[in-house]
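Only one structure is covered here, and it is reproduced in the block below.
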Amino acid sequence: MYKKLFIPGPTHVVDEILEAMSVPMIGHRDKLYSDLHGQVVTKLKKFLQTDGHIYLSTSSSTGMMEGAIRNCVNNKVLMTDCGAFSKRWAEIATLNGKEIDLIKVEMGQATTPEMVDEYLSKGGFEAVCITHNETSTGVMNPIKEIGALVKEKYPDILVLVDAVSSMAGTDIKVDEWGLDVVLAGTQKAFALPPGLCVVTVSEKAYQRSLSVGNRGFYFNFEQLEKKAVKNQTPATPAISIINALNVQMDRIYKEGVETRFQRHLDMAERVQSWTRKNFALYSDENYLSPTVTNVHNTREIDVVNLNAELAKRGAMLSNGYGDLKGKCFRIAHMGDLQIADVHWLTDQIDDILGL
Ligand SMILES: *Cc1c(COP(=O)(O)O)cnc(C)c1O
């Protein structure tokens with residue numbers, strides 16, 4: 001039986017998008033493809049408020065997390081560890097032979113501009129990597145403020161952002177906030193199937209990449225740019241998902257960008273108040289995510305069992321990530337889920353648990 005996904009990726013995909021995936025195939029060197037690619041990039045530039053480069057990477061987001069490091073860092077980069085995904089990015093940097101320094105914060109806490117300032121002031125960094133929305137803890141880190149700090153005090157340092165579970169669910173003003181690379185996969189708040197990653201690259205980051213060694217081929221900005229000017233990609237792209245993204249951008253504008261972001265906040269507030277009433281919020285109240293809530297399992301319910309019961313009713317949520325398994329569970333409220341969906345879900349949980 002199909003289960004409606006309240007997990008933080010992949011998220012629920014509406015029928016109109018599934019239909020946009022099942023159209024006849026076109027050649028990726030055909031003008032039809034270039035037209036499609038050009039339309040998508042134009043819409044994304046407007047949506048993300050950037051005049052920089054935009055590349056469409058046929059990979060999951062992790063591919064471009066690696067790409068961002070390989071393009072932008074020769075030697076040393078400042079990484080964070082505020083949960084599983086920021087930790088993964090730090091590991092990627094290390095495995096690519098980069099020297100890192102690590103801002104480690106307690107799970108459920110945010111990475112602040114003050115912390116970034118303290119570390120960057122030590123000197124020697126080429127870039128700082130920030131996870132916008134730490135999906136494992138339900139914390140949204142203040143990238144606007146971090147971007148402003150770096151722009152003012154460390155103008156040579158690039159700001160690289162993993163916006164995988166926030167982009168399309170909350171506003172990101174790429175240029176105004178001084179963000180050099182911002183990446184996100186399509187299976188989270190864009191509410192498309194997995195397989196494609198969108199990345200913005202500032203001219204500064206692009207120029208920097210040209211002086212970095214061993215960038216490889218697949219995620220190399222220079223290779224991507226050579227084809228992007230022709231509205232193409234170096235290798236065969238996930239054409240079906242790009243077509244779905246084109247349709248989804250129109251749906252986003254039809255709903256209204258502000259309305260979409262407000263819908264995410266409304267869903268988040270509903271889940272947060274339900275959580276406060278019945279459990280507890282795991283994360284710092286000042287940095288709660290608009291797209292995913294990490295519920296502290298204070299009643300010590302059996303999360304696996306809860307999900308098994310929900311499955312019978314056609315829904316699925318997520319267990320706590322990594323060390324938080326069993327101690328927390330996560331409810332995603334992103335993409336094309338509606339406020340009525342989260343009401344329905346919390347009603348089902350109340351019924352199952354007798355709350
Ligand atoms: C899901 C997620 C990732 C990993 O994305 P993949 O598409 O599975 O590679 C990275 N960072 C964050 C914040 C995520 O939520």
Side-chain angles (χ1 to χ4, degrees), residues 5-13 55-70 79-96 103 105 107-111 128-143 146 159-170 172 179 181-200 218-219 237-238 241-242 244-245 248 264 268 282-283 287-294 316-322 324-325 328-335 337:
L5 299 177
F6 293 87
I7 62 174
T11 55
H12 173 65
V13 178
Y55 305 128
L56 303 178
S57 170
T58 294
S59 64
S60 88
S61 316
T62 306
M64 218 7 120
M65 286 160 78
E66 180 153 287
I69 298 279
R70 296 193 63 155
M79 307 300 299
T80 67
D81 176 358
C82 59
F85 290 105
S86 44
K87 198 169 166 180
R88 176 188 293 185
W89 212 1
E91 190 183 0
I92 289 172
T94 304
L95 289 174
N96 276 285
I103 305 177
V105 302
M107 297 275 271
Q109 301 300 309
T111 310
V128 53
C129 291
I130 304 287
T131 304
H132 188 199
N133 193 68
E134 180 46 85
T135 317
S136 66
T137 62
V139 164
M140 191 158 76
N141 290 302
I143 52 165
I146 293 171
V159 180
L160 317 181
V161 178
D162 164 352
V164 177
S165 59
S166 54
M167 189 187 286
T170 191
I172 302 177
L179 312 176
V181 172
V182 184
L183 63 99
T186 48
Q187 82 277 22
K188 307 254 167 125
F190 276 111
L192 302 169
L196 188 75
C197 180
V198 168
V199 63
T200 71
Y218 195 69
F219 297 107
I241 308 173
I242 295 171
L245 177 56
Q248 186 67 313
H264 280 79
Y282 180 81
S283 303
Y287 297 99
L288 293 176
S289 164
T291 57
V292 58
T293 296
N294 199 21
M316 180 182 189
L317 49 69
S318 270
N319 208 324
Y321 198 103
L324 298 180
K325 202 169 199 163
C328 291
F329 59 91
R330 292 169 300 155
I331 299 174
H333 28 77
M334 65 173 95
L337 289 172

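Indexing begins at 1, ligand by ligand and atom by atom, following the structure's order.
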Within-4.5 Å side-chain heavy-atom neighbours: C129 and T80 | no

Tell me, which residues have any heavy atom less than 4.0 Å from some atom of ligand 1?
-> S60, S61, T62, M65, F85, R88, T131, N133, T135, D162, V164, S165, Q187, K188

Check: C82 main-chain N/O paired with Q109 side-chain donor or acceptor under 3.5 Å | no

Could you pull out all residues at least two apart from T200 that satisfy side-chain contact (heavy atoms from CB on, under 4.5 Å)?
-> L48, T50, I54, V174, V182

Does the side chain of T291 come under 3.5 Å of the side chain of H333 through a donor N or O and an acceptor N or O?
-> no

Pairwise side chain to side chain donor-acceptor pair (under 3.5 Å) hits with a residue in residues 159-170, at least two apart = H132-S166, N133-S165, T135-S165

Taking side-chain contact (heavy atoms from CB on, under 4.5 Å) as the test, write out the residues that go with T58, two or more places apart.
-> L196, Y218, P237, A238

